[in-house]
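Have a look at the structure below, then the notes.
When reading the values below, keep in mind they use all heavy atoms of this one structure, side chains included, and skip hydrogens, waters and symmetry mates.
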Amino acid sequence: MISAPTLETARLTLRPHHVDDYAACRSLWADGQVVQHIGGVPQDAQAVWFRLLRYAGMWAMLGYGMWAIEDRDSGAFLGEAGLLSAARGLPELDGVPEAGWVLTPAAWGKGVASEAMTAVLTWADAQVEAPSLRCIIHPDNAASIKVAEKLGFAALVDTELAGTPTRVFDRPKAVWS
């Protein structure tokens with residue numbers, strides 16, 4: 001079975017999720033501030049459990065997936081970052097890995113998303129066969145849009161996902177090659 005490799009940055013460890021992450025993930029995905037621009041509805045315990053199982057499944061079936069983000073010094077859980085395939089029904093995402101990140105409020109505004117995703121994108125450039133990566137962001141989520149643009153993503157199209165305004169961003173592999 002393929003599992004996420006561990007990636008390290010100056011401040012962070014990106015590692016595979018473990019069953020022991022369930023409580024931290026429940027707290028993350030139950031926070032109304034966190035999910036405000038990610039579906040808008042806090043997730044219940046079962047949804048988070050299934051999320052953890054999907055993470056392992058993506059690595060096993062696709063060879064990529066999400067990582068848990070930890071502070072290297074304290075070991076604190078700071079969120080999640082990585083690549084996914086979510087079968088969202090958006091034609092712009094068909095056949096293209098989707099980049100994603102979500103942080104605990106304690107990690108907001110500290111460059112954690114940019115640092116984590118730089119490690120993810122560096123890994124993806126070397127390991128994932130795809131002409132580009134895409135991400136989706138609610139147009140009101142200025143902080144995530146700033147992160148995406150800093151990482152080399154550019155707006156591709158504005159659309160709707162489940163009736164919610166959604167902006168699709170694209171980052172061609174050539175940006176990182």
(message) Could you report the tightest heavy-atom contact between Ile38 and Val34, atom names first, then the distance?
(response) CD1-O, 3.7 Å
(request) Please name the pair of heavy atoms, one in Pro139 and one in Ile145, separated by the smallest distance, quoted to 0.1 Å. (result) O-CD1, 3.6 Å
(request) Quick one: pull up SG in Cys25 and CG in Asp20 and give me the separation to the nearest 0.5 Å. (result) 11.0 Å
Could you list the donor-acceptor pairs under 3.5 angstrom formed by side chains in residues 4-11, with sequence neighbours left out?
| residue | atom | partner | partner atom | Å |
| --- | --- | --- | --- | --- |
| Glu8 | OE1 | Arg72 | NH2 | 3.4 |
| Thr9 | OG1 | Arg11 | N | 3.4 |
| Thr9 | OG1 | Leu12 | N | 2.9 |
| Thr9 | OG1 | Glu115 | OE2 | 2.4 |
| Arg11 | NE | Glu115 | OE1 | 2.6 |
| Arg11 | NH1 | Lys110 | O | 3.0 |
| Arg11 | NH2 | Lys110 | O | 3.0 |
| Arg11 | NH2 | Gly111 | O | 3.4 |
| Arg11 | NH2 | Glu115 | OE1 | 2.7 |

If you look only at distance, which donor and acceptor atoms sit under 3.5 Å apart when one is on a side chain in residues 74-87 and the other is two or more places apart or in another chain?
| residue | atom | partner | partner atom | Å |
| --- | --- | --- | --- | --- |
| Ser74 | OG | Asp71 | OD1 | 3.3 |
| Ser74 | OG | Ala76 | N | 3.1 |
| Glu80 | OE1 | Trp29 | NE1 | 3.2 |
| Glu80 | OE1 | Tyr55 | OH | 2.4 |
| Glu80 | OE2 | His17 | NE2 | 3.1 |

What side-chain donor-acceptor pairs closer than 3.5 Å can you find for residues 42-50, not counting sequence neighbours?
| residue | atom | partner | partner atom | Å |
| --- | --- | --- | --- | --- |
| Gln43 | OE1 | Arg51 | NE | 3.2 |
| Asp44 | OD1 | Gln46 | N | 3.2 |
| Asp44 | OD1 | Ala47 | N | 2.8 |

(message) Looking at Leu28, is its backbone amide N or carbonyl O close enough to the side chain of Asp31 to form a donor-acceptor pair, meaning the two atoms are under 3.5 Å apart?
(response) no
(message) Hydrophobic clusters here meaning ILVMFWY residues chained together by side-chain heavy-atom distances under 4.5 Å, can you tell me if Leu62 and Leu14 are in one?
(response) yes
(message) My understanding is that only residues two or more places apart in sequence, or in another chain, count here; which of them pass ring pair (Phe, Tyr, Trp, His ring centres under 6.0 Å) with Trp123?
(response) Trp59, Trp67
(request) Indicate the atoms forming the closest heavy-atom contact of Cys135 with Ala99, along with that distance. (result) CB-O, 3.3 Å
(request) Check Ala155 against Phe169 and note the closest heavy-atom contact, atom names and distance. (result) N-CD2, 3.4 Å
(request) Under 4.5 Å between side-chain heavy atoms, chaining through other members, with only Ile, Leu, Val, Met, Phe, Trp and Tyr counted: pull out the rest of the cluster around Ile136, sorted by chain and number. (result) Leu90, Leu93, Leu156, Val157, Leu161, Val168
(message) According to ring-ring contact (aromatic ring centres under 6.0 Å, His included), does anything in residues 131-160 pair up with another residue at least two apart or in another chain? List the pairs.
(response) His37-His138
(request) Start with the C-alpha distance between Val41 and Val35, add both sets of side-chain angles, then the distance that settles side-chain contact (heavy atoms from CB on, under 4.5 Å), and finish with yes or no. (result) CA-CA 6 Å; Val41 178; Val35 300; 5.7 Å; no
(request) Give the minimum heavy-atom separation between Ser114 and Leu151, together with the two atoms involved. (result) O-CD2, 3.9 Å
(message) What's the separation between atom CD1 in Ile137 and atom CH2 in Trp101, rounded to the nearest 0.5 Å?
(response) 4.5 Å
(request) Taking all heavy atoms of Gly100 and all of Met117, pick out the closest pair and write down the distance. (result) O-SD, 3.6 Å
(request) Quick one: pull up CG in Leu53 and CE in Met58 and give me the separation to the nearest 0.5 Å. (result) 11.0 Å
